[in-house]
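Reviewing the structure listed below.
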Amino acid sequence: WAAYLDTAGDGSFEEVMLQGMVIGAICAPPQEVLARTAAFVPKIDNWSVCDSFCNSMTIVSAYRGEWWEHLQSFLASQKEFEVRLSLVLLLSQFLKWDDAGRKIPRRRVITEADIMQNIAWESKKQAQNDSPEDSGNPYLEKIFPVLDRPFTQGYYAQMAAAWLTAECFVMFPAQTMRFLIKSGMDDFTYNKALSKICESRNPAPEVKARIKSMKR
């Protein structure tokens, strides 16, 4: 694999896709994978290669601390696919796992009661030593600040942010509703996130009605 990556070209979609798949499959120390990833990222210029690469990078879930730090430069980038790469990695390798590395299941049904606890918490303005419900995900409260900004890098970065927000809602509805109420996203990304939430089969009709009413 090392010889292939060292000599592979980047003249076709298939060639670049294959390189991403190989990086996702290699068994090497995390620093080696980080270095290979950094060299590969400039070749990504479409959502298909980006998302296939991210979904193949299961090694990230074993070294989340190192990867979280590594992704900060991509999150701060003004390049469309560097931002999309980081957001899709947060979705596939950070959002869905607990502290022990166990996969957190998506909720099959999201009811009004699931989000009302958030609204009650906001309205009571609890004391500083109180805290919202613990999600069980150590990165959830780090992901929301990443999303809490305008996304001006391009359509595919905006759609990745909307997708990640919608998945946050399906898995952690109360915490995500709290984020949406005060979100600093640009209007396009914010409204796309609401649309993606409503496209899901998981929220109950009354929840979808509430989400639709929040459109800017």
What pair of heavy atoms forms the shortest contact from [X] to [Y], and how long is it?
X    : Y    : result
Y139 : G65  : OH-N, 3.6 Å
K43  : G9   : NZ-O, 4.4 Å
L85  : I44  : CD1-CD1, 4.0 Å
V207 : I110 : CG2-O, 3.3 Å
A162 : A193 : CB-N, 3.5 Å
E80  : G154 : OE2-C, 3.4 Å

Find out if a path of hydrophobic residues (ILVMFWY) with successive side-chain heavy-atom gaps under 4.5 Å connects I211 to V109.
-> no
How far does [atom1] of [X] sit from [atom2] of [Y], to the nearest 0.5 angstrom?
X    : Y    : atom1 : atom2 : result
Y190 : L180 : OH    : CG    : 5.5 Å
L71  : E82  : CG    : CD    : 11.0 Å
H70  : L89  : NE2   : CG    : 9.0 Å
D114 : M177 : CG    : CE    : 10.5 Å
Q72  : L75  : CD    : CG    : 5.0 Å
F94  : S61  : CZ    : OG    : 9.0 Å

Contacts under 3.5 angstrom, residues 26-39 side chains, donor-acceptor by atom type, not counting sequence neighbours:
unit_1 : atom_1 : unit_2 : atom_2 : d
E32    : OE2    : R36    : NE     : 3.2
R36    : NH1    : D6     : OD1    : 2.8
R36    : NH2    : D6     : OD1    : 3.3
T37    : OG1    : V33    : O      : 2.8

Anything under 30° is parallel, anything over 60° is perpendicular, the rest tilted; go ahead and classify F53 against F40.
-> tilted
Does some side-chain heavy atom of [Y] sit less than 4.5 Å from a side-chain heavy atom of [X]?
X    : Y    : answer
F169 : T165 : no
K212 : L194 : no
D148 : K182 : no
F151 : R149 : yes

Is [X] reaching over with its side chain to a backbone N or O of [Y], donor-acceptor style, under 3.5 angstrom?
X    : Y    : value
S183 : F179 : no
T176 : C168 : yes
E15  : A8   : no
T189 : M185 : no

Residue pair L90, L164: steps toward the side-chain contact (heavy atoms from CB on, under 4.5 Å) verdict = CA-CA 8 Å; L90 292 183; L164 176 55; 4.2 Å; yes
Apply the test side-chain contact (heavy atoms from CB on, under 4.5 Å) to residues W163 and L87: give CA-CA distance (whole Å), side-chain angles for both, the deciding distance (0.1 Å), then the verdict.
-> CA-CA 9 Å; W163 181 19; L87 295 173; over 6 Å; no
Checking side-chain contact (heavy atoms from CB on, under 4.5 Å) for the pair I59/Q93: CA distance, chi angles, key distance, verdict?
-> CA-CA 9 Å; I59 189 173; Q93 309 300 337; over 6 Å; no
Among pairs that include at least one residue of residues 44-60, which meet side-chain hydrogen bond (donor to acceptor under 3.5 Å, both in side chains), considering only residues two or more places apart or in two chains?
-> D51-R84
If you look only at pairs with a residue in residues 150-159, which of them pass as a salt bridge (charged side-chain N to carboxylate O under 4.0 Å, His left out), with sequence neighbours excluded?
-> none
Where at least one partner belongs to residues 153-175, residue pairs that pass salt bridge (charged side-chain N to carboxylate O under 4.0 Å, His left out), sequence neighbours excluded | R106-E167
In sequence, state the C-alpha distance, the side-chain angles, and the governing distance for T152 and D186, and then conclude on side-chain contact (heavy atoms from CB on, under 4.5 Å).
-> CA-CA 8 Å; T152 59; D186 60 281; 6.0 Å; no
Residues 196-203, side-chain donor-acceptor partners within the protein, below 3.5 Å, at least two apart:
unit_1 : atom_1 : unit_2 : atom_2 : d
S200   : OG     : N202   : N      : 3.1
S200   : OG     : N202   : OD1    : 2.6
N202   : ND2    : R107   : O      : 2.4

Decide whether K79 and Q153 meet the rule of one side-chain donor and one side-chain acceptor closer than 3.5 Å.
-> no
State which residues pass salt bridge (Lys or Arg N to Asp or Glu O under 4.0 Å) with R216; sequence neighbours excluded, sorted by chain then number.
-> D187
Taking atom CZ of F13 as the centre, does the number of heavy atoms from other residues, nucleotides or ligands within less than 6.0 Å exceed 12?
-> yes
